[in-house]
Undergrad: 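Got a structure for you, written out below as structure tokens; questions coming shortly.
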Amino acid sequence: MGPHPAVAAIRLAVRRVLTDILDDHGRPPGRPAHEQPPTPLVLVACSGGADSMALASALAFEAPRLGIRAGGVTVDHGLQAGSDLRAAEVVLRLRELGLDPVESVVVTVGRGGGPEAAARDARYAALDAAVERHGAAAVLLGHTRDDQAETVLLGLARGSGIRSLSGMAAVSGAGGRYRRPFLQLDRQTARKACMVQSLPVWDDPHNTDPAYTRSRLRHEGLPALEKALGKGVVEALARTAQLSRDDADALDAWAGRAEAGVRDADGRLECAALYALPPAVRRRVLRRAAIEAGAPAGSLFARHIEEVDRLITGWRGQGDINLPGRVVARRQGGRLVIRQG
């Protein structure tokens, strides 16, 4: 008798991602051991919740069958009483699954961009450091199709454009280090997989705290949409994310090619050449230029780029445009200058 359907589904999703990692790192299965490069290490980022525990169990099952080393990292944000004890419990559970190395990393959460964004920034910084410390090939993240739907709705509410509507990528980070195997699986499948395997899970109270935007969306917004529009909203939003990502990738590639043609011999942006570009391409060129000048990508919103764009399309002698990261955009003699002020 085979595994429960939920367990089979999460294992298959993880197996596919691990096979991709092997291909990316030049170790296709079936090649003689003496011809293989060093065994890659894949880490799972685990909070102890159902999604990441299901992911950890699937990694522990599949990795040895593919000749991959499997480890885990849990991040202690220090935002709740007893968080250190819960992190220690997660470490114990991961080790019981057979993962090695396993570690808990304590982070200090700042205040920039709100509590959710600050915690996310601290978490990814810790995971990046863990990758470098252990020489890992990749980190698996337990984001599900439900998380993807929430991300799309948040992007829609913020009016952030098509890139925001594309949600989370299946592969992201430096060198493709972050992999999300569960973006096509719903949250309930992961929870059921934990139940049938008797895996203990921890339900983060922040996930039900109405003080957090994503929590309100999860428990109030999406249920209201499903009540008004019927079932299938989550699946439709996930499809929207993929379609938007395809479009955004194509426009980004176009902007990358167009950028060289809108700079003069000194590398300065020419306003007339920028004006001739389609708006979607032009704004991408402007965003890239602002980031290159030092504006933090996570703090650079659509409204910032729209203000800079008006220096091209609605020039009335307006003054400097201040951007995040102390970056300033100004128009000078038919050229657009974007630099730190």
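Because only heavy atoms are used, hydrogens play no part in the values below, and waters and symmetry mates are left out as well, while side chains stay in.
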Undergrad: Hey, are the side chains of Val14 and Phe182 touching, using non-hydrogen atoms and a 4.5 Å cut-off?
TA: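 Yes, close enough: below the 4.5 Å cut-off.
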
Undergrad: Would the distance check show the side chain of Arg179 and the main-chain N or O of Leu140 forming a donor-acceptor pair, the cut-off being under 3.5 Å?
TA: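 No; zero donor-acceptor contacts below 3.5 Å.
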
Undergrad: Counting distance only, does the side-chain N/O of Arg65 pair as donor-acceptor with the main-chain N or O of Phe61 below 3.5 Å?
TA: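 Confirmed, Arg65 side chain pairs with Phe61 backbone.
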
Undergrad: Apart from Met168 itself, which Ile, Leu, Val, Met, Phe, Trp or Tyr residues share its cluster (side-chain heavy atoms under 4.5 Å, direct or through members)?
TA: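 Direct or chained contacts put Met168 with Leu183.
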
Undergrad: Determine whether the side chains of Arg11 and Ser57 contain a donor N or O and an acceptor N or O closer than 3.5 Å.
TA: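 No, no side-chain donor-acceptor contact under 3.5 Å.
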
Undergrad: Hydrophobic clustering (ILVMFWY, side-chain heavy atoms < 4.5 Å, transitive) - are Val196 and Leu199 grouped together?
TA: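 Different clusters.
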
Undergrad: Measure the shortest side-chain to side-chain distance between Asp84 and Val106 over non-hydrogen atoms and say whether it is less than 4.5 angstrom.
TA: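 Asp84 vs Val106: side chains apart.
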
Undergrad: Just so I know, are the side chains of Ser47 and Val90 near enough to count as touching, which here means a heavy-atom distance under 4.5 Å?
TA: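 With C-beta onward as the side chain, the pair stays apart.
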
Undergrad: Before giving the answer on salt bridge (charged side-chain N to carboxylate O under 4.0 Å, His left out), spell out for Arg218 and Asp146 the whole-Å C-alpha distance, their side-chain angles and the decisive distance to 0.1 Å.
TA: CA-CA 9 Å; Arg218 180 174 302 177; Asp146 301 79; over 6 Å; no

Undergrad: Which atoms form the tightest heavy-atom contact between Leu222 and Leu237, and what is the distance?
TA: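 Taking Leu222 first and Leu237 second, the nearest heavy atoms are CD2-CD1, 4.1 Å.
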
Undergrad: Carefully, step by step, assess Asp252 and Arg288 under the rule salt bridge (charged side-chain N to carboxylate O under 4.0 Å, His left out).
TA: CA-CA 10 Å; Asp252 285 347; Arg288 289 161 62 104; over 6 Å; no

Undergrad: If you define the side chain from C-beta out and look only at heavy atoms, does anything of Glu132 sit under 4.5 Å from Arg177?
TA: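 Yes; the side chains approach each other to less than 4.5 Å.
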
Undergrad: Roughly how far, to the nearest 0.5 Å, is the CZ atom of Arg283 from the CD atom of Glu306?
TA: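 Glu306 CD to Arg283 CZ: 6.0 Å, rounded to 0.5 Å.
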
Undergrad: Looking at residues at least two apart in the chain, or sitting in another chain, which of them share a salt bridge (Lys or Arg N to Asp or Glu O under 4.0 Å) with Glu235?
TA: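 Partners of Glu235 by the salt bridge (Lys or Arg N to Asp or Glu O under 4.0 Å) criterion, ordered by chain and then number, come out as Arg145.
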
Undergrad: Between the side chains of Asp247 and Ser244, is a donor N or O closer than 3.5 angstrom to an acceptor N or O?
TA: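 Short answer, no.
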
Undergrad: So, do Ser83 and His77 sit near enough that their side-chain heavy atoms are less than 4.5 Å apart?
TA: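 Ser83 vs His77: side chains apart.
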
Undergrad: Give, for atom CZ of Arg284 and atom CZ of Arg163, the distance between the pair rounded to the nearest 0.5 Å.
TA: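 Interatomic distance, Arg284 CZ to Arg163 CZ, rounded to 0.5 Å: 7.0 Å.
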
Undergrad: If you compare all heavy atoms of Leu43 against all heavy atoms of Gly72, which two are closest, and at what distance to 0.1 Å?
TA: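 Smallest interatomic distance, heavy atoms only, reads CD2-N, 3.9 Å.
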
Undergrad: Just verifying a value: how many Å separate Arg15 CZ and Ile10 CD1, rounded to the nearest 0.5 Å?
TA: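 CD1 of Ile10 is found 11.0 Å from CZ of Arg15.
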
Undergrad: Can you tell me how far the CG atom of Leu59 sits from the CG atom of Leu97, to the nearest 0.5 Å?
TA: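 Reported to 0.5 Å precision, the distance equals 9.0 Å.
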
Undergrad: Using the rule that Ile, Leu, Val, Met, Phe, Trp and Tyr join whenever any side-chain heavy atoms are under 4.5 Å apart, tell me whether Leu99 and Val201 fall into a single cluster.
TA: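 Same hydrophobic cluster.
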
Undergrad: Check the pair Asp186 / Val234 against side chain to side chain contact (heavy atoms under 4.5 Å, CB included), numbers first and verdict last.
TA: CA-CA 9 Å; Asp186 61 28; Val234 168; 6.0 Å; no

Undergrad: Determine whether Arg263 and Arg268 satisfy the following criterion, side chain to side chain contact (heavy atoms under 4.5 Å, CB included), listing intermediate values before the conclusion.
TA: CA-CA 5 Å; Arg263 292 187 181 273; Arg268 295 175 300 177; 5.9 Å; no

Undergrad: Working to the nearest 0.5 angstrom, can you tell me the gap between Asp121 CG and Arg123 CZ?
TA: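 Interatomic distance, Asp121 CG to Arg123 CZ, rounded to 0.5 Å: 9.0 Å.
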
Undergrad: If every non-hydrogen atom of Ala9 is compared with every non-hydrogen atom of Leu185, which pair is closest and at what distance?
TA: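 Smallest heavy-atom distance, with atoms named: O-CD1, 4.0 Å.
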
Undergrad: Are Leu18 and Ile21 close enough that some pair of their side-chain heavy atoms sits under 4.5 Å apart?
TA: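 Yes, close enough: below the 4.5 Å cut-off.
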
Undergrad: Report yes if some heavy atom in the side chain of Arg339 is under 4.5 Å from a heavy atom in the side chain of Arg330; otherwise report no.
TA: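 Answer yes - side chains close enough.
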
Undergrad: Heavy atoms only: give me the nearest Met53-Cys46 pair and the separation to one decimal.
TA: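 That would be SD-SG, 3.5 Å.
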
Undergrad: Got Val107 and Tyr124 here, is their nearest side-chain heavy-atom distance under 4.5 Å?
TA: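 When only atoms from C-beta onward are counted, Tyr124 and Val107 do not touch, as no gap falls below 4.5 Å.
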
Undergrad: Show the nearest heavy-atom pair for residues Val152 and Ala241, with the distance to one decimal.
TA: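 What the structure gives for the nearest pair is CG2-CB, 3.6 Å.
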
Undergrad: With a cutoff of under 4.5 Å between side-chain heavy atoms, which Ile, Leu, Val, Met, Phe, Trp and Tyr residues group with Val285?
TA: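 Other cluster members: Leu251, Trp254, Val262, Leu269, Leu274, Tyr275, Leu277, Val281, Leu286, Ile291, Leu300, Ile305, Val308, Leu311, Ile312, Trp315, Ile321, Leu323, Val327, Leu336, Ile338.
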
Undergrad: Step by step, would you call Thr313 with Arg282 a side chain to side chain contact (heavy atoms under 4.5 Å, CB included)?
TA: CA-CA 10 Å; Thr313 62; Arg282 180 175 62 246; 3.2 Å; yes

Undergrad: Verify salt bridge (charged side-chain N to carboxylate O under 4.0 Å, His left out) between Asp51 and Arg180, making sure each step is shown before the conclusion.
TA: CA-CA 11 Å; Asp51 301 341; Arg180 297 177 174 87; over 6 Å; no

Undergrad: For a quick test of reading the model, state the closest non-hydrogen atom pair linking Gln340 to Gly325 and the distance between them.
TA: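 Between these two residues, the closest heavy atoms are NE2-O, 3.0 Å.
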
Undergrad: Atom CZ in Arg16, atom CD in Glu62: separation rounded to 0.5 Å?
TA: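 Here the rounded value is 11.0 Å.
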
Undergrad: Begin with the C-alpha distance, continue with both residues' side-chain angles, and end with the deciding distance and a verdict on side chain to side chain contact (heavy atoms under 4.5 Å, CB included) for Arg69 and His134.
TA: CA-CA 11 Å; Arg69 295 165 52 221; His134 295 289; over 6 Å; no

Undergrad: With hydrophobic residues grouped by side-chain heavy-atom distances under 4.5 Å, do Leu217 and Leu229 end up in a single group?
TA: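 Yes, because Leu217 and Leu229 connect within a single hydrophobic cluster, where side-chain heavy atoms sit under 4.5 Å apart.
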
